[in-house]
Number of protein chains: 2
Amino acid sequence: MKSGQVTIKDLARELNISAATVSRALKDHPDISKSTKKAVISLAEKLNYQPNSVAQSLRHSKTNTIGIIVPEIIHYFFSSVISGIEDVAYTEGYNVMICQSNEKIEREIANTKALLSNRVDGFLVSISKSTQNFDHLQNILNRNVPLVFFDRICTNINTHSVSVEDYEGAYKATSHLIEIGCKKIAHLSGPQNLLISYNRQKGYHDALIQNNLPIQDDWILVADSLEQGFKSAKKLVNLPKAERPDAIFAVNDITAVGAMKALKECGLKIPEDIAIIGFSDDQKLAPLLEPPLSSVAQPGFEIGQEAIKLFLKEISKPERDGVFEKKVLKTELIIRESTRKNKD
Amino acid sequence: MKSGQVTIKDLARELNISAATVSRALKDHPDISKSTKKAVISLAEKLNYQPNSVAQSLRHSKTNTIGIIVPEIIHYFFSSVISGIEDVAYTEGYNVMICQSNEKIEREIANTKALLSNRVDGFLVSISKSTQNFDHLQNILNRNVPLVFFDRICTNINTHSVSVEDYEGAYKATSHLIEIGCKKIAHLSGPQNLLISYNRQKGYHDALIQNNLPIQDDWILVADSLEQGFKSAKKLVNLPKAERPDAIFAVNDITAVGAMKALKECGLKIPEDIAIIGFSDDQKLAPLLEPPLSSVAQPGFEIGQEAIKLFLKEISKPERDGVFEKKVLKTELIIRESTRKNKD
DNA sequence: AGAATAAATGCAATCGATTACGAAGGGTTT
DNA sequence: AAACCCTTCGTAATCGATTGCATTTATTCT
């Protein structure tokens, strides 16, 4: 009691029985008599006894804690995923330790080390933009700790993953732009080392090819922030009239917002002059813009749920068998005013 | 090594020395010879030894983990706060366990229990809307565990807190509306049991009184979501012409957005017909709206930093002395188009 | 009654790291 | 040579909970 927290020993001393008996009484072990159980339980309640999870974790080599590493919580998408994870974790009796890499690999490495040290039972990770070396992640698996990637998965490492149909989503978005009559479609692409960027760009690319539309290198710009979206859109607008795109497919919503801002500033009308579509469908943003932004919805909450479910399934196996599941969730094209031309 | 994790015993066995010596060698204890230290450290590096924090926590009765309870991570404000906490936690060698109450007291109680069981070194809490009983929070203090409230603080419990000048912020916002010529100012208020709602409403109230403007009961509606903001604004618009407000001060940005949506739908111009201002200044929202929304900025990141700093200061005390600090941070009036009338 | 069985509880080791205390070995002092 | 010291390391207890095994006591059987 000195530290303010009641222990099993305190209960034992008070009742003049051994700690072992208290432990067994608390978990309703059949060896213990009813009267003893009653006494123990009532004293435990009286003193508001809370078992020390740290000791239990040590004893069982199981912490009931999951480590999460995300680039930044602040993004709607990642906090949705975290909510999804927490939702399942809560009902399954798990706690979560959340770390942010802030898009820096050094921080990601430090986070990995800290979580390993804390003996989390598993990792749910979305890698940072700057993660090009994967030793720290491989290290997790080498220690026999389950690892599930979500969204920004890492193909160099063979493990579970949950992602969305980035290629198909991008293909749908681009096709949609084509259907509403756009012929000169630009793409604001994400960090080139991320698979999601690659896939989205490929979906865009293939949709154009399939529709016999031109691929033009200066219509493909790397931009994945509001500021970069703004700058890139300015560049696009300043192209010679004939080369100016009539639509933009942005790798995510915030980049689309930056582009929209630039377009408006240039006096261009959305979608009449230039249509625009994003990716992710940030619920707290896309529908509230002027005009409301079309986007490809990613089920963030569900991604989180699936990720932790894969983890739970993995630890329920008698041993690591090296069989990994790669879940790919569907995206949904959300059409709003930013791609709704009058003629439709 | 069976579990995949190297322990101090593994190192000891390999080097034919005792675990105690390994432990001391790793922490550069003066009793250990240079040669032994070298051998231990090199083997530790070779086997990629990571100390088991669980064991260390048990030994030292200190987990180096902080428990955070927030209503919902998904809100920009709370994720900012969490980022601020994490920022300091990271440099100070702390990990964070984040729990969401989802605005439900039952969940908040369960979170408290789980974090106590995990023996977190301290709590940083922002209470839920439905928290009217505070036993679970008092219980934290009874166990001698430091507790810091932030934003949604709880006056029934005497402990550290970090909040912002809600009253002053609301007063400034309302005064600003008056300055731009509004005379019939409505208020969309938050949950009545939260202090922040009360203070914001009081700031609004006092600003009106001070300027000899009428307080009208049907101009004060409880609403703190997009949907409720929408509905409430509709009600305001449908008031008899003479009673229709010419400005709205909303308890937060998302409510303001709902109201804006309603106003636009009714064909009213912002700010010409009705000016509107929010609270919090959600960076990912307010500046991107049409028109950009004026708001009272709350420094979320800084709130987080201050909260954890109060915790760190508390645990650096030789013992709990019952002296508590109540930090109140400044807000800043951010004026954008939604309250910028032409005549100005 | 003596033996066998069942019921209830305690002992001691364990998880991994730490640390007070003690001990061995080499060297120095008087 | 006896007494002492310093360096270096090991022993054992500890943190709190758990659990295989042993022990005690009560009960039943033959």
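Keep in mind that the numbers below use all heavy atoms, side chains included, and drop hydrogens, waters and symmetry copies. Chain A is the first sequence line, chain B the second, and so forth, proteins listed ahead of strands; every chain is numbered from 1. The shown structure was predicted, so the numbers you read here are calculated from the model rather than taken from an experiment.
Between A:Q56 and D:dT18 there is a side-chain polar atom (N or O) within less than 4.0 angstrom of OP1 or OP2. For A:T21, a side-chain nitrogen or oxygen approaches OP1 or OP2 of C:dG10 to under 4.0 Å. The shortest distance between the side-chain N/O atoms of B:Y49 and the OP1/OP2 oxygens of C:dG16 is not below 4.0 Å. The phosphate of C:dC15 has neither OP1 nor OP2 within less than 4.0 Å of any side-chain N or O from A:K62. At the phosphate of C:dG10, OP1 or OP2 sits under 4.0 Å from a side-chain N or O atom of A:S18. Not one side-chain nitrogen or oxygen of B:S61 sits closer than 4.0 Å to the OP1 or OP2 atom of D:dC15.
Comparing B:H60 and B:R24 along DNA chain D, the residue whose closest nucleotide (by nearest heavy atom) sits nearer the 5' end is B:R24.
Judged as a ring-ring contact (aromatic ring centres under 6.0 Å, His included), the pairs with a partner in residues 55-108 of chain A (not counting sequence neighbours) are, in order, A:Y94-A:F311.
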Salt bridge (Lys or Arg N to Asp or Glu O under 4.0 Å) between B:D121 and B:K62, intermediate numbers included: CA-CA 6 Å; B:D121 295 338; B:K62 183 163 192 312; 3.6 Å; yes
Salt bridge (Lys or Arg N to Asp or Glu O under 4.0 Å) evaluation trace for B:D28 with B:K37: CA-CA 7 Å; B:D28 205 25; B:K37 280 181 189 168; 3.0 Å; yes
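Regarding B:L58, its CG atom lies at a distance of 13 Å from the P atom of C:dT19, rounded to whole Å. For A:L15 and C:dT9, the CG to P distance is 11 Å, given to the nearest whole Å. We find that CD1 of B:I17 is positioned 13 Å from P of C:dA17, with the value rounded to whole Å. One interatomic measurement links the two molecules: CD1 of A:I8 to C1' of C:dA12, which rounds to 16 Å at whole-angstrom precision. C:dG16 atom C1' lies 14 Å from atom CD of B:Q50, rounded to whole Å. Atom CZ of B:R59 is separated from atom P of D:dC15 by 8 Å (rounded to the nearest Å). When the C1' atom of D:dT11 is taken as reference, atom NZ of B:K9 falls 14 Å away, rounded to whole Å.
Of the residues in residues 25-43 of chain B, those with a non-hydrogen atom less than 4.0 angstrom from any atom of DNA chain C are B:K27.
For the salt bridge (Lys or Arg N to Asp or Glu O under 4.0 Å) test, no residue two or more places apart in sequence or in another chain qualifies with A:E302.
With B:R107 contributing its side chain and B:N102 its backbone, the two residues share no donor-acceptor pair below 3.5 Å.
Remark: A:K326 NZ is packed, more than 12 non-hydrogen atoms of other residues, nucleotides or ligands lying under 6.0 Å away.
Comparing C:dT18, D:dT19, C:dG16 against the side chain of B:S23 picks out C:dT18 as the nearest.
Looking at A:R119, its side chain has no donor and acceptor atom pair within 3.5 Å of the base of C:dG16.
If you check the side chains of A:N64 and A:N95, you find no donor sitting under 3.5 Å from an acceptor.
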